[in-house]
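Working notes, beginning with the structure itself.
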Amino acid sequence: MGMKDQFQEKSEQWKQQAKQKAEQAKEPGQRGRPGQGQGPDRDRMRDEESERLQREEQERLDPDYEM
């Protein structure tokens, strides 16, 4: 498996995890772990962070394939 494949697979995993967490946050009766901050601001920060990491990863991969 090449480096590009590994990065794409990891990116897909992050997307799936973010999607699952978003779905769980929408479910009524959500149980949070003690000490875990709850609320839309915290979720939004996580989403922005994951999007930023994905953009950085994509930017890192793109120059490798430009000619």
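Worth saying up front: this structure is predicted, and the values here are computed from it rather than measured. Each residue takes its place number in the sequence, starting with 1. All values below come from the heavy atoms of this structure, side chains included, with hydrogens, waters and symmetry mates left out.
Residues forming a side-chain hydrogen bond (donor to acceptor under 3.5 Å, both in side chains) with E56 (at least two apart in sequence, or on another chain): R52. Residues passing the salt bridge (charged side-chain N to carboxylate O under 4.0 Å, His left out) test with K15 are E12, sequence neighbours excluded. The side-chain contact (heavy atoms from CB on, under 4.5 Å) test applied to K10 returns Q13, W14, not counting sequence neighbours.
Contact detail for E57 and F7: the closest heavy-atom pair is OE2-O, 2.6 Å. The minimum heavy-atom distance linking Q54 with S11 is given by the pair NE2-O, 4.0 Å.
Partner L53 forms a side-chain contact (heavy atoms from CB on, under 4.5 Å) with one of E49, E51, R55 and no other, that one being E49.
Here the NZ-CD distance, from K4 to E9, works out to 14.0 Å after rounding to the nearest 0.5 Å. Note: S50 OG to K21 NZ = 9.0 Å, rounded to the nearest 0.5 Å.
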